[in-house]
Amino acid sequence: MMNPCFRATLDDKVSYTSSIKLNTLSPVWDETWIVKTVPSTATLSVVVREVESGALVDNDIGVFRTTVSPGTKEVEIVGKRLGRSKGTFWLNIESSPSAQNSVSLPYLFDGPIHYSRHDSPTMGVLTNLRDTRLYSTWKIYIKGVPQFFGDTVQRWNHDYKGAQAIFKGPTSIAVRSGIMAGHHMLYARTVSNGFGVMTSADDVFKLLRGGLHRDGSNAFENRIKPAVYTYVIAEEDNTFRFSETGAAFFVDFASKHALHSNCAESVVYSGEFHPRPEGGWENFSDCTDDSGVRWELMIDNDSGTYSPNPDMLAKVAQLLEHNFTGINVVALAEDDPELKKSVDACREYALTKRGVKRTELEPHATEGEETLSDRVSALKKT
């Protein structure tokens, strides 16, 4: 049996990565990919892959190419090496004339918005984990980035020492190599990945649920966790990538944001965010059910590596509101006193009400724990 998935591209301009189907030779994905302003002459290329447990690289089963002419199609999957048939792939293409200027914004991804959750490879060798979220990353495939940001990107901050160590000088090559290896481990496609489709604010806050009670129980598993997250909007694929800022795998890495961006010299945007009940965590009580509160997503530009322009924060808020119906985004610059007040209240609630340890607020590793940096170093020696 196999664990197949596929990656589709249109003229190498835009791509789609499917979910993984477990233990089957006859996968049925039933997934939708909407792209606007695609030339009628475009070619759809698909690579079908097998995901193996513990492997960092997927095994290519075969490939096929087809036109984007509408209709239901059965296409032969051809093996890459010997050109043998590896089965057939059924797909349905629907198209209609575009009302937009195909020259200005071609190959425009338009949903559905979907996400994947990835666990750090070090998590599998650990026991008695307090909170698995501290070993997880999320990637959300959002739409509308070109409309809101155009060609504007945030380049690495040449005045920031941490960024200089990554992008400048003779030792930077080795530093980048380690960070990129860590990134590929963190975002590797494995059978343990989680997948889903998102449409609304509720879907966003569902991803932010979790946490343990003081006694180690899962009493807060279905409650929104008071936590701060590190994020980037990646330039290469317009994905929104994030993890808890206190994630264990950040230990020994020069930059959290560079780890998420795969050492990209520029990103669309980056910073931190945290959820909060309207009125702030300082005015909240666990006696109140989460469904009885209006939730806000507080987002900022706190990123030393890329030092994003605060004037673009409003665009970030608009982008998220465009993607998730009903979400209330509050954008504050990193030097805004109101931001510090909100972050402090979030962390204080985590410490005093949810049993979070102070060490879990920042990257940490317990005694004897293999870190992601350790795993990367071991890989380089093999």
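Heavy-atom basis, side chains included; hydrogens, waters and symmetry copies ignored.
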Handout entry: Aromatic plane relationship, Tyr306 with His257 - under 30° parallel, 30 to 60° tilted, over 60° perpendicular
Key =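 The rings of His257 and Tyr306 stand perpendicular, inter-plane angle above 60°.
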
Presence of salt bridge, [Y] and [X], under 4.0 angstrom:
| X | Y | result |
| --- | --- | --- |
| Asp290 | Arg294 | no |
| Lys225 | Glu244 | yes |
| Glu265 | Arg155 | yes |
| Asp289 | Arg223 | no |

Handout entry: Side-chain touch Thr305/Lys256, heavy atoms, less than 4.5 angstrom
Key = no

Exercise for the section: Would you please indicate if the ring centroids of Phe6 and Phe89 are separated by under 6.0 Å? Expected result: yes

Exercise for the section: Give a yes or no on whether the ring-centroid distance for Phe195 and His118 is below 6.0 angstrom. Expected result: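 That pair fails the under 6.0 Å test.
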
Practice task
Using ring-ring contact (aromatic ring centres under 6.0 Å, His included) as the criterion, list what pairs up with Phe167, not counting sequence neighbours.
Solution key: Trp156

Completion exercise
Taken in chain and number order and not counting sequence neighbours, the residues that satisfy ring-ring contact (aromatic ring centres under 6.0 Å, His included) with Phe240 are Tyr231, Phe242, Phe273

Exercise for the section: Starting from the C-alpha separation in whole Å, work towards a yes-or-no answer on side-chain contact (heavy atoms from CB on, under 4.5 Å) for Leu339 and His274. Expected result: CA-CA 10 Å; Leu339 175 64; His274 64 278; 4.2 Å; yes

Exercise for the section: State whether the side chain of Asn283 and the backbone N or O of Gly280 hold a donor-acceptor pair below 3.5 Å, judged by distance alone. Expected result: no

Handout entry: salt bridge (charged side-chain N to carboxylate O under 4.0 Å, His left out) partner of Asp344, chosen from Lys341, Lys340, Arg347
Key = Lys340

Practice task
Could you walk me through whether Arg7 and Ser18 pass side chain to side chain donor-acceptor pair (under 3.5 Å), step by step?
Solution key: CA-CA 6 Å; Arg7 184 175 188 270; Ser18 77; over 6 Å; no

